[in-house]
Amino acid sequence: MQTRRRSNFLTDIIDADLAAGKNRGLVVTRFPPEPNGFLHIGHAKSILLNFGLAEQYGGRAHLRFDDTNPTTEETLYVESIQEDVRWLGCDWGKHLYYASDYFEQMYECAVRLIREGKAYVDSQPVEAIRGQRGAFERPGTNSPFRDRSADENLDLFRRMRAGELPDGSCVLRAKIDMAHPNVLLRDPLLYRIRHAHHHRTLDRWCIYPMYDYAHPLEDGFEGVTHSICTLEFESNRAMYDWVLDNLGPWDPRPHQYEFARLALGYTVMSKRKLLQLVAEKRVSGWDDPRLPTIAGLRRRGVTKEAIREFAELIGVAKNNSIVDIGKLEFCIRQDLEGRAPRGMAVLNPLKVVLSNWPQDRVEELEIAWWPAEPEKAGLRGVPFGRELFIEREDFSESPPADWKRLAPGREVRLIGAYVVRCAEVVRGPAGEVRELRCTYDASSKGGEPADKRKIPGTLHWVHAGRSAEVEARLYDRLFRVGLPDAEGDFLQHMNPESLVVMKARVEPALAEAAPGTRWQFLRQGYFFVDPVDSRPGAPVFNRVIGLRDTWAKATEQLERKPEKKKPEPKPAAPKKGRAEARAEVRAGNPELASRYARYQSELTLSADEADLLTGDLATAEFFDAAVSRHGNAKLVARWLLNDLLGLAKKGLEGLPLRGEDFGRFVALLDSGRIAPAAGKTLLARLVEQGGDPQRLVNELGLGKVADGAALAEAVGRVLDSHAAEVARYRAGEKKLLGVFIGAVMKEMQGVADAAAVRKALADRLG
RNA sequence: UGGGGCGUCGUCUAACGGCAGGACGUCAGACUUUGGAUCUGAUUAUCAAGGUUCGAAUCCUUGCGCCCCAGCCA
């Protein structure tokens with residue numbers, strides 16, 4: 001079942017790392033919860049991702065509590081988290097860690113930073129520090145304490161640790177750059193003072209490291225290779241790298257990658273809101289079956305297999321997405337479909353009296369737990385007699401046209417029993433339907449009438465006297481709207497019918513159902529015997545999910561809306577695109593401006609090309625150098641702009657390839673000695689390792705094959721091996737030509753001229 | 001607004017320059033002793049515009065839209 005190979009952008013990265021021989025082939029991941037709440041299904045996605053990746057690559061996954069903030073964290077959560085991770089089937093082996101176990105090492109690292117002049121103690125209050133941070137578009141200002149001597153900093157930091165300084169009096173900050181465009185790098189806080197009791201280190205510490213400082217160190221100490229977190233930490237990656245770069249060496253050197261966390265419709269997932277629901281007793285606890293917590297899902301009766309299936313189904317990517325909760329429900333149904341025996345329960349009973357059934361006769365019918373596969377779990381006895389209950393909704397006095405259930409004068413089959421016909425409706429004083437008088441067809445024992453007439457409907461039922469009354473809790477979505485936190489107070493969107501407690505009547509066998517077992521109530525849904533509130537002989541049934549999605553049709557289109565109103569955007573804020581930036585640079589640089597003009601007039605480049613080449617001096621110099629080597633400026637510009645720029649992600653300066661080399665490369669192309677396709681391969685190689693283009697051509701065997709016979713042969717081979725596609729092509733699927741071209745190019749190891757290949761193919765295919 | 005990310009069926013996700021695929025949902029049909037399940041079929045997508053290329057969802061450019069970042073939280 002688990003054989004499907006997981007593949008996503010993270011496995012791509014790991015595959016590439018492994019291929020490049022990084023980390024000695026090690027894959028180490030971690031799940032790092034802060035013990036300040038219960039885990040929810042979003043965490044399950046992350047847990048399964050991290051442990052799954054480790055398993056897939058033969059590595060290991062750690063469970064690490066990120067307990068660096070003593071004021072919010074508790075042992076209760078440490079325990080529940082371990083229980084939940086274990087329940088999901090994830091095994092951390094001996095790799096259970098706590099950030100707090102590293103406090104001493106982290107302290108040593110901080111001392112090192114101070115000694116090296118990379119950190120300082122700031123004695124300003126919070127407000128001052130916040131004020132100096134600047135704004136997104138405005139640089140911050142340096143703290144007056146930024147240039148304290150290492151000795152002074154060391155002394156202060158020691159006193160911070162010794163408890164000589166009160167909370168808030170000072171902090172340790174990294175000395176990076178108060179004007180950094182990423183505000184997270186404007187001298188971020190490393191340590192703060194907190195005279196608080198920690199759940200593990202008790203009162204040994206009164207300074208605690210901040211996340212941005214602690215997390216990379218934890219990963220580094222543990223030898224984590226791939227540190228996977230959610231998208232909102234993207235900006236933090238720069239600090240993650242700063243810490244590791246300044247405190248190495250590390251082996252392996254961890255790297256952080258981000259994926260989109262799970263958002264689900266019709267529920268809330270933030271810790272704050274879940275906590276609020278629990279604290280205000282709007283639900284029964286962290287394990288309330290309506291909550292998306294792992295504990296809640298488990299209490300509801302969802303299995304870990306269903307959750308795993310769900311995680312598999314939704315995949316892992318970087319798109320900010322909202323998953324339709326219907327997908328979770330689909331996985332739950334699919335899972336339970338295969339594991340829940342079918343029994344009968346009537347939630348809302350309507351009495352049926354069989355007038356032609358002997359007064360005291362009770363017949364013990366043998367009915368299979370699995371109607372479709374009777375051998376699967378055998379039979380159980382179900383009593384049948386004169387007085388029965390059916391579902392009130394299964395009777396209608398004025399049924400719609402396609403009604404298949406019971407109605408006056410109509411026939412239905414009672415599952416595993418007999419066909420009955422409604423003869424009379426007995427009413428109460430207010431005219432309400434009180435009971436039904438029916439007749440049964442004695443020839444239909446088991447459900448099939450002797451004359452084989454077609455019976456349109458089939459109902460579930462229980463014996464009136466021999467059924468037991470039990471509590472059934474019908475759970476539904478906690479919120480009525482797709483995005484409860486989209487606007488206003490999420491509490492106002494709570495579904496008042498998310499829990500309906502009923503007295504149901506169940507067949508005798510179900511009255512004995514053991515806690516923790518799962519059943520399908522025929523035609524109703526899947527039920528789980530509550531492990532907490534059930535008593536021997538008095539099971540409490542939690543409805544896990546209905547048989548069919550009654551919400552699907554009503555489900556609204558979910559569109560993310562801002563939770564809080566954004567501050568009004570400033571009117572007429574001038575937008576500066578990259579094009580504008582280039583124009584500005586030129587305006588202030590006559591040298592570039594004149595090249596811009598010259599490229600167009602002398603070299604006959606387009607205005608766009610000239611513009612892109614003269615946005616900065618380095619690019620223009622590179623271009624000129626290339627052109628001095630090879631005069632076909634148009635070709636140089638094209639390859640530079642369309643291909644080189646895409647390959648050189650970090651800019652032209654960092655390339656092992658100089659402008660002259662690039663000019664030689666273009667000359668090679670222009671000479672017709674290598675095909676454009678081969679040119680791309682060659683350029684990629686040059687960008688990677690530099691070197692002489694001509695020599696590389698020889699090394700890589702990229703020289704163009706002018707030999708028409710070789711081409712014809714390759715074309716022949718490809719057409720032979722693609723017979724089916726050729727037939728489709730001849731039948732009109734012209735788009736397949738591309739497939740043939742690609743195949744021929746591959747056949748000729750990329751050295752062919754695609755235009756010639758196309759022509760050859762066209763000739764052969766007619 | 002500075003920085004960082006992301007735009008593929010209604011939803012989630014593949015395709016790594018070569019046939020836009022799968023799943024959920026929806027619709028239709030078949031089957032059915034669950035109006036369930038199952039089976040069959042259908043439906044629908046590359047944000048936009050230019051460019052490079054024999055060929056672009058994929059590379060380049062521009063534009064548009066959405067998300068994240070200014071806690072002594074993580």
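So you know, we letter chains A, B, ... as the sequences are listed, proteins then strands, and number each from 1.
- Here the side chain of A:Arg30 pairs a donor or acceptor atom with the backbone of A:Ile228 at under 3.5 angstrom.
- Using atom P as the reference point in both B:G41 and B:C9, the two lie 24 Å apart (nearest Å).
- Salt bridge annotation for A:Asp167-A:Arg192: absent, with no cationic side-chain nitrogen under 4.0 angstrom from a carboxylate oxygen.
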For nucleotides 39-47 of chain B, which of its nitrogen or oxygen atoms have a protein nitrogen or oxygen under 3.5 Å away, and what is each distance?
none

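- Across all strands shown, A:Trp403 has heavy atoms under 4.0 Å from base atoms, whether or not it also approaches the sugar-phosphate.
- Between A:Lys680 and A:Asp643 a salt bridge is recorded (basic side-chain N to carboxylate O distance below 4.0 Å).
- Remark: P of B:U52 and CG of A:Leu644 are 18 Å apart, rounded to the nearest angstrom.
- A gap of 31 Å separates the C1' atoms of B:G17 and B:G3, to the nearest Å.
- Both A:Gly738 and A:Arg405 lie near RNA chain B, and the one whose nearest nucleotide falls closer to the 5' end is A:Gly738.
- Counting only heavy atoms from C-beta on, A:Ile314 has its side chain closest to B:C12 among B:G35, B:C12, B:C72.
- A:Glu391 and A:Gln524 are linked by a side-chain donor-acceptor pair at a separation below 3.5 angstrom, with hydrogens and angles left out of the test.
- Look at B:G29: its glycosidic torsion is beyond 90° from 0, and that puts it in the anti range.
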